[in-house]
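Take a look at the structure set out below.
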Amino acid sequence: MFITLAPTRAMSIIARCAAAAMFLAVACAQPAPDPAGNDPNWWKSAVIYEIYPRSFADTNGDGIGDLNGITAHLDYLQNLGIDAIWITPFFPSPQVDFGYDISNYHGIDPQYGTMKDFDVLVAEAGKRHIRVIGDFVLNHTSDLHPWFIESRSSRTNPKADWYVWNNGKPNRQPPNNWLSIFGHSAWQFDTQRNQFYYHAFYKEQPDLNWHNRQVRDAMYNEMRFWMKRGMAGFRLDAVPSLFEDPQLRDAKLLDGRNEYGDVPVSREYTDNLPEVHDVLREMRLVSNEFPGRVLIGETYVPNIGELAKMYGKKNDELQLPMDMQYGMLNTLSADAFRMKLRDAENGLNGNAPLFAFDNHDNRRSWNRYGDGKHDAAIAKLIATLLLAPRGVALMYYGEELGMSNHDPKSKEDVKDPIGRIGWPKEIGRDGERTPMQWNGARNAGFSDGQTTWLPVAPNYKTVNVAAEAGDPKSMLSYYRTLIHLRKENAALREGTLKMIDEDNHNVLSFLRIGAGKTVLVSVNFTANPQTIRFEKGLKVLLSSFDGAGAGKGTLELPPFGAYVGEVQ
Ligand code: GLC
């Protein structure tokens, strides 16, 4: 049934264009061309850069980053070599979850700027061949969204069924034992309706009822709004949480206590229900209305089989569901990374995997993988694991500098509500969201304001763009060189991946083969030097250590050394 909608919509666009053309000189051949180019497959080997707009660059001195701050740094991003930016939500929001609680899907929160600023950003980014990807929060809205205000106003209003409502058990007891991902019961009693509503996250983030056709259509129109304005697609937030068991069965109790002090429960009735795929297929049809758009998914799923399903049986769901297993291994083990890479090679039906190590929800990789002694070498190893395999690489602002977590020291300092609910076991996500470190001046060049919304990390005097840009051995230079290498070298960009030396527990090695070239990638996962025997001649393209010259026969890797070289 849904398939028939596409031509109807196309026809209505043509009709609208014809009407507009009577008054305006508008070009309506294509409803919304991709502002950054015409290649519909641009994303297949892309490097995408996540920007947390509050923390990237502040141009109006209020201590909070803004859209103009992103525009001001597009040359930096172009020079780094990235293909697209994904900006976390900048839409009107009470900011309970710093933008992940949206009260209007088609506006800009004034603290981040105006619609004009957005248009300028897209146009300027397009000139630099950088696409702008939005963040679509589909599982829930803010409790201050007009839809929810209407829905909670009575049990009979037109939007009464737009959220997940239930009478609960007698004596105001919630319908079941489901827990919010952010701690405590997932049900909130509402005194206006005398009913409970479900919230997978904060109580200020009521879950939308995706069974409701009107909800779906309204949300798809919000997506169209942004794609018409030149958005190159979306990162879809919290994809697995979209549906819940309609029978509302109690979840199994698990052992112990979670960081919020609750007895944890299993999530089989609230996560990753099969209906999710119906919505993803519909969303893909919507995004297919616009050329060159991409759907990325925040897909925390338990295994590669579930991840494969996110692409769709006919490749008709997400182009890029995130592989959250690889970058979140949190252990420096050649065997573990080899296994995850093999999974991505063999388990995704040939689709491009999307790898990421850092994001706004997890401690920075510097802290998760560093050993306190070889942190810089390990960070370059991580960069190599991110950018040298086949697939799409997703970076997080400041990762390229070696930014590390700067965590709050006391509960009073915490901004992220989960840190306040769960302190001290769950300290929240402030530490990985501190301001971007542009230079060694006040506020690290992030803001001219008196204060910044989160404190700047104390290492900003040395870990910053200005200091690292001119240093060929810096983290920034390593990232930049590797990203450009990947762009220019067809084997690294889109070649196949072949594991070699597979019994080696200390060193992970693989070949990238394509366009008549072969590139060797070798990474030492230990704090000891390792020697690799390699029969063919090698020409170094990039290494994280000195002295990796041309050679034949052996390759000496220092502790945590990473090597990329062309096979002669
Ligand atoms: C996603 C976001 C996270 C947010 C949550 C609720 O996991 O990445 O930051 O808190 O969804 O919207």
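Numbering of ligands and ligand atoms starts at 1, following listing order. Numbering of residues begins at 1 and proceeds along the displayed sequence.
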Review point. Which salt bridge (charged side-chain N to carboxylate O under 4.0 Å, His left out) pairs, counting each pair once, include a residue from residues 399-410, with sequence neighbours left out?
Key: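 Sorted pair list: Arg363-Asp407.
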Exercise for review: Verify the ring-centre separation between His145 and Tyr105: is it less than 6.0 angstrom?
Suggested key: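 Ring centroids of Tyr105 and His145 are less than 6.0 Å from each other.
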Review point. So, is the end of the Arg216 side chain (NZ or CZ) under 6.0 Å from the ring centre of Trp210 and within 45° of the ring's axis?
Key: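 Here Arg216 fails the 6.0 Å and 45° test against Trp210.
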Practice item. Check whether NZ of the Lys or CZ of the Arg Arg224 lies under 6.0 Å from the centre of the six-membered ring of Phe234 and within 45 degrees of that ring's axis. Key: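 So Arg224 doesn't make the cation-pi contact.
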Check your understanding: Measuring from each atom of ligand 1, which residues have a heavy atom under 4.0 Å away?
Key ->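 Its neighbours under 4.0 Å (heavy atoms only) are Asp97, Tyr100, His140, Phe182, Phe201, Gln205, Arg235, Asp237, Glu298, His360, Asp361, Arg429, Arg433, given by chain and number.
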Exercise for review: Return each pair, listed once, that meets ring pair (Phe, Tyr, Trp, His ring centres under 6.0 Å) where at least one residue sits in residues 411-438; pairs must be two or more places apart or across chains.
Suggested key: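 Every pair satisfying ring pair (Phe, Tyr, Trp, His ring centres under 6.0 Å) with a residue in residues 411-438: Phe56-Trp438, His73-Trp438, Tyr76-Trp438.
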Revision key, fill the gap. By salt bridge (Lys or Arg N to Asp or Glu O under 4.0 Å), Asp416 pairs with (sequence neighbours left out) Arg429
